[in-house]
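Step one of this worksheet: look at the structure below.
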Amino acid sequence: MIDGTTNIIGVIGDPIEHSFSPIINNAAFEYLNLNYVYLPFHVLSENLGSAIGGANKLNIKGLNVTIPHKKNVLVTLNHLDPIAKEIGAVNTIKFENNEAIGYNTDGIGCLHALENKTSVTNKDILVVGAGGASRAICYQLAHSGINSLTVINRDLAKAEELTSNIKNTGILSDLNYDNMDNLILQAQQTDILINTTPLGMKGYPDQNPILHADEIPEDIIVNDIVYNPIETNLIKEAKEAGAKTVNGVKMLIYQAAEAIKIWTGKEAPKDIMENKLREILTTKIEEKKI
Ligand SMILES: NC(=O)c1ccc[n+]([C@@H]2O[C@H](COP(=O)([O-])OP(=O)(O)OC[C@H]3O[C@@H](n4cnc5c(N)ncnc54)[C@H](OP(=O)(O)O)[C@@H]3O)[C@@H](O)[C@H]2O)c1
């Protein structure tokens, strides 16, 4: 029940109606019996600074930040967690002692999702895409004891920039980049392949998987961070090839769980959150069929 002592957490973005974060976070707060509520806030870019200042003054405890504010929000914050600073983007804010502290839980969310299936230590990892999610994942992996990281992107300059920025930090030396034409070849030489492009995402014009079953080695792990649909065409192809798979729902849940830990200090009920998300995603698909 919402009362005078309820703590408010929210998510800011533009648009925001599509966000699943209120559903999974409120399910977690309810299960943990915490007096917290999680709300969506539609914030336009021109109002970002005043929205952050206002949230602080309204004694809101924390926020998630989504597209298009993850980079631009940095200048409105008082402190940045070291990995958020490296990534140059924030997806979680905690308000404490009248100050706003920025974090990025996307990379650690992906890492924990992978660790469900395998350790990343000493692994060769291939990341397809060099956008915002890729940046967070690449920096986190570079900190996590992997052997090598290769980034493949349609715009080669972006892959080059990302890998050379990580190299300059000195956290990983074996960093490479390549263009999409060499994807099949690169996939043969990797232990873990992570798709961070929106190819295959519901509503995205191109539903083609980045690789087909006969191009995927059976001894690799394929992680598609696209979570809607739960089973993307890439995940289907990887299963057909006999490879192990990690779907995007896992990363979404683990990044949310890390944010809950930052705000409340509590371990989030990941199974409860995942079941709730699966229920919603499946219902939406069923509704569409009708
Ligand atoms: N599971 C999760 O928790 C989670 C979290 C964050 C994001 N995501 C998902 O990850 C995806 C990417 O998000 P983002 O924020 O990183 O997006 P973004 O910053 O816009 O980056 C998109 C990347 O995909 C590439 N790309 C786009 N269309 C392509 C195409 N037709 N062919 C080849 N490459 C293409 C882009 O290449 P160019 O550089 O050449 O344009 C870019 O590298 C979205 O589907 C999002 O929903 C999932």
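Being a predicted model, the structure only gives us computed values, none of them experimental. Both counts, for ligands and for their atoms, begin at 1 and track the order of listing.
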Distance under 4.0 Å to a non-hydrogen atom of Gly132: what atoms of ligand 1 satisfy this? 16 (O), 19 (O)
Under 4.0 Å to a heavy atom of Ala130 - the qualifying atoms of ligand 1, by number: 43 (O)
Check the surroundings of atom [atom1] in [X]: do more than 12 heavy atoms from other residues, nucleotides or ligands lie under 6.0 Å from it?
{"X": "Lys276", "atom1": "NZ", "result": "no"}
{"X": "Lys85", "atom1": "NZ", "result": "no"}
{"X": "Tyr204", "atom1": "OH", "result": "yes"}
{"X": "Lys94", "atom1": "NZ", "result": "yes"}
{"X": "Glu99", "atom1": "CD", "result": "yes"}

Can you find an N/O atom of Lys70 closer than 3.5 Å to an N/O atom of ligand 1? no
Please determine if Lys158 has a nitrogen or oxygen closer than 3.5 Å to a nitrogen or oxygen of ligand 1. yes
Residue selection (non-hydrogen contact nearest atom 26 (N) of ligand 1) among Pro198, Cys110, Gly203: Pro198
Among Asn247, Asn153, Leu156, Val151, which residue places a heavy atom closest to atom 37 (O) of ligand 1?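 Shortest heavy-atom distance from atom 37 (O) of ligand 1: Asn153.
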Starting from atom 46 (C) of ligand 1, which protein heavy atom do you reach first, and at what distance in Å? Met201 SD, 4.4 Å
Considering all protein heavy atoms, does one lie under 4.0 Å from atom 19 (O) of ligand 1?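 Neighbour list for atom 19 (O) of ligand 1 includes protein heavy atoms (cut-off 4.0 Å).
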Short check: is a protein heavy atom less than 4.0 Å from atom 24 (O) of ligand 1? yes
Taking non-hydrogen atoms only, is Val249 closer than 4.0 angstrom to ligand 1 via side chain, backbone, both or neither?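 None of Val249 does.
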Can you list the steps and then say if Lys61 with Trp263 is a side chain to side chain contact (heavy atoms under 4.5 Å, CB included)? CA-CA 7 Å; Lys61 300 297 176 198; Trp263 297 318; 5.7 Å; no
Do you see a donor-acceptor pair shorter than 3.5 Å between the side chains of Asn64 and Tyr38? yes
